[in-house]
Undergrad: 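Got a structure here, written out as structure tokens. Questions coming.
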Amino acid sequence: MGQTTDESRRVELTQTISTQTSKRSKAVLLLCLAAGFITLLDQSVFTLAIPAMTAALHAKPAEVQWILASYSLAFGLALVPAGRLGDLMGRRRLFLAGLAVFGACSLLAGLATDPVVVIVARLLQGFGAGTLNPQVLGFLQDMPAAFRAKAIGAYASIGGFAAVCGPLFGGLLLSGGSQDASWRLLFLFNIPFVVVALPLAAKYLGKAERRESAPLDLRSASLDVVGAVLLCALVLAGLLPTIYGYGEAPWLWTSGGATALLAFAAWEFGYGRSGKTALLSPLLVKSGGFVLGTVVALNHFGVGAAMAVLTSFYFMAGEGLAPLAVAGILAPQAVGMLLSSALSWRFVARFGRGGVVLAVLAGLMTLLAKDQAVQQLEGFPAALAVAGIGLLQGLVTGLVVAPNQSLTLGHAPVRIAGVAAGFYQLSQRFAAALCSAAVGGLIFGLAGTRTGYRGAFHDGVVLCCSLLAVAAVAGSLDLARAKWWAGPALGSNGNVPAHHGDTRVSAPRG
């Protein structure tokens, strides 16, 4: 009788612990999804605010370009070092720090009266978001097996959800107040979320970490600070002439960029060979599939950021539409992407890398169709045409984003999978910064009249088509590379890739 009672107590205790673990895991999941969503929403919602902010702060063209580029630039720079620091210091600390910086700088930007303050605030906002997001992924990876797959799947979907909500939410806020006040609401909206999330994160995330964080030893920590500085110099070598022009000595920018590239490559090679965790591991450079897939990703992501800026500026400044109307033009593309992303795993399993290349080319065709709609139509007919074409563009975009990421990261060795994922995201953020600044320069260089805005839109589409053409070439080279090498063979991570045959990393013939 006593044994039965003890067994019942053990079963009851086990059930209680399981219930508590389940509740804690759900709380952690909700916090992580909400934090990821708000930082991604901040990027998609902000594009619509640029014209109102420019007018209210009397910002110069170069200042607007910095505002457009700063969030993505800092976001990308923070990703890999923050992920490594989270491993060393504990993810909870980095999560709380990133969230606090993001919230404080949202307040700073919302109260700013000078465009330089907004630039600084956006840089720090991006740094906070880039510090927070690697910790989100780490917490989801550490969840119990019963929750892990669903948690990661939910996180993957919030990017598409933020893309859908961003324009609509931004349009509603911008349409509800004066020009000077409405754009500030987009920043200040973040504050209540941060105020609520910080104490909840402090309570629940400490229990979610699997181990006690050890004191940080900078002497043994593999943070690759020099690599981050050199990479920043490389990006600035491309961003500064994009904003300010090449001047009378373009060779200075070219030689400076080449020097930064060589210095970064040399440092990363030596740092990786020493056994430390580099921003760009030599093993990744040797993987043709990873390099080419990353080229596809950075060009494709840059086009998405550039077209959002270009479309918003054209219809608000060139056609005089209200922000909410422009949000209605942008929303169908986000909806299309969300819909096709849900089926993209079947697409990549059936068509592999060849399907991704075809989807990129289809996206290029939709850009040309958008340009024709803008050049040939005016007002509501142009808006309706661009929105309809945007739905098609979103459908093909969804067939590129997740499949390309899956195929590209599948070529990364398992032991540096986190580094590969971090560098992959970093390249996308830098592309967004450069391309947003570039189309901003086109707009301010050619705009002023409806004809000028049309010319800027056309030139922006030409730039984006060129980027997609590069992405298609890179994807085709990856497809040709896979067919040139014999298979089936072990992938670079030691496993036979699970995708279609044209995605294999194989041993050379002979």
Side-chain angles (χ1 to χ4, degrees), residues 41-72 109-119 121-122 125 166-189 243 304-331 333-334 370 374 378-380 382-383 386-387 390 432-433 435-461:
L41 180 74
D42 197 78
Q43 179 68 50
S44 62
V45 77
F46 187 71
T47 303
L48 293 174
I50 290 293
M53 180 188 297
T54 302
L57 298 179
H58 307 290
K60 300 175 182 177
E63 292 171 332
V64 176
Q65 289 174 276
W66 272 112
I67 293 172
L68 285 168
S70 54
Y71 186 84
S72 290
L111 300 178
T113 57
D114 187 278
V116 175
V117 176
V118 177
I119 293 170
R122 287 295 281 173
Q125 254 194 315
L168 296 176
F169 176 72
L172 285 171
L173 282 185
L174 290 168
S175 299
S178 66
Q179 187 179 60
D180 181 60
S182 59
W183 65 267
R184 299 181 185 276
L185 294 176
L186 296 181
F187 289 113
L188 298 178
F189 174 81
I243 295 176
M307 285 303 299
V309 173
L310 198 62
T311 304
S312 300
F313 264 94
Y314 175 76
F315 282 103
M316 281 193 286
E319 293 285 356
L321 298 185
L324 188 57
V326 177
I329 298 172
L330 296 174
Q333 180 173 336
K370 278 187 175 182
V374 166
E378 296 181 4
F380 179 75
V386 170
C435 293
S436 297
V439 296
L442 289 174
I443 291 167
F444 287 107
L446 298 175
T449 64
R450 174 174 287 178
T451 302
Y453 280 111
R454 278 183 173 171
F457 191 91
H458 173 74
D459 288 353
V461 168

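Values in this document were obtained by computation on a predicted structure and should not be read as measured data.
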Undergrad: Within the structure provided, determine whether Leu68 and Val64 are in side-chain contact (heavy-atom separation under 4.5 Å).
TA: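 Heavy-atom side-chain distance check passes, below 4.5 Å.
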Undergrad: Nearest heavy-atom pair of Ala331 and Leu168: which atoms, and what distance?
TA: CB-CD2, 4.0 Å
Undergrad: Return the minimal non-hydrogen interatomic distance between Ala308 and Thr47, and the atom names on each side.
TA: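 It is O-CG2, 3.5 Å.
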Undergrad: Give me the atom names and distance for the closest heavy-atom approach of Ser72 to Ala433.
TA: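 The pair with the smallest heavy-atom distance is CB-N, 3.9 Å.
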Undergrad: Measuring from Ile443:CD1 to Gln65:CD, what's the distance to the nearest 0.5 Å?
TA: 9.0 Å
Undergrad: If I compare all heavy atoms of Ala112 with all of Trp183, which pair ends up nearest, and what's the gap?
TA: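 Where Ala112 meets Trp183 most closely, the heavy atoms are O-CH2, 4.0 Å.
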Undergrad: Working to the nearest 0.5 Å, report the span between CG of Leu185 and CG of Leu174.
TA: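 So the CG of Leu185 and the CG of Leu174 are separated by 8.0 Å.
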Undergrad: Which value, rounded to the nearest 0.5 Å, describes the distance between Leu321 atom CG and Tyr314 atom OH?
TA: 9.0 Å
Undergrad: State, yes or no, whether a side-chain contact exists between Pro323 and Met316 at a heavy-atom distance under 4.5 Å.
TA: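 Sidechains of Met316 and Pro323: in contact.
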Undergrad: Any chance you could measure Ser436, atom OG, to Phe46, atom CZ, to the nearest 0.5 Å?
TA: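 So the gap between those two atoms works out to 11.0 Å.
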Undergrad: Any heavy-atom pair between the side chains of Ile329 and Thr311 that's under 4.5 Å?
TA: yes
Undergrad: What pairs with Phe315 under ring-ring contact (aromatic ring centres under 6.0 Å, His included), at least two apart in sequence or on another chain?
TA: none
Undergrad: Can you find a pair of side-chain heavy atoms, one from Asp42 and one from Arg122, that are under 4.5 Å apart?
TA: yes
Undergrad: Is there a side-chain contact between Glu319 and Tyr453, using heavy atoms and a 4.5 Å cut-off?
TA: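 A side-chain contact is absent here, since even the closest heavy-atom pair is not under 4.5 Å.
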Undergrad: Under the side-chain contact (heavy atoms from CB on, under 4.5 Å) criterion, do Ser182 and Leu173 qualify, and how do the steps go?
TA: CA-CA 6 Å; Ser182 59; Leu173 282 185; over 6 Å; no
Undergrad: Please name the pair of heavy atoms, one in Glu63 and one in Ile119, separated by the smallest distance, quoted to 0.1 Å.
TA: O-CD1, 3.8 Å
Undergrad: How about Leu48 and Leu324: do any of their side-chain heavy atoms sit closer than 4.5 Å?
TA: no
Undergrad: Any idea which heavy atoms bring Leu57 and Arg184 closest together, and the distance?
TA: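 Smallest heavy-atom distance, with atoms named: CD2-NH2, 4.3 Å.
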Undergrad: May I ask you to test the Lys370-Met307 pair for a side-chain heavy-atom distance under 4.5 Å?
TA: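 When only atoms from C-beta onward are counted, Met307 and Lys370 do touch, with a gap below 4.5 Å.
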Undergrad: Would you say the side chain of Phe457 lies within less than 4.5 Å of the side chain of Val439, judging by non-hydrogen atoms?
TA: no
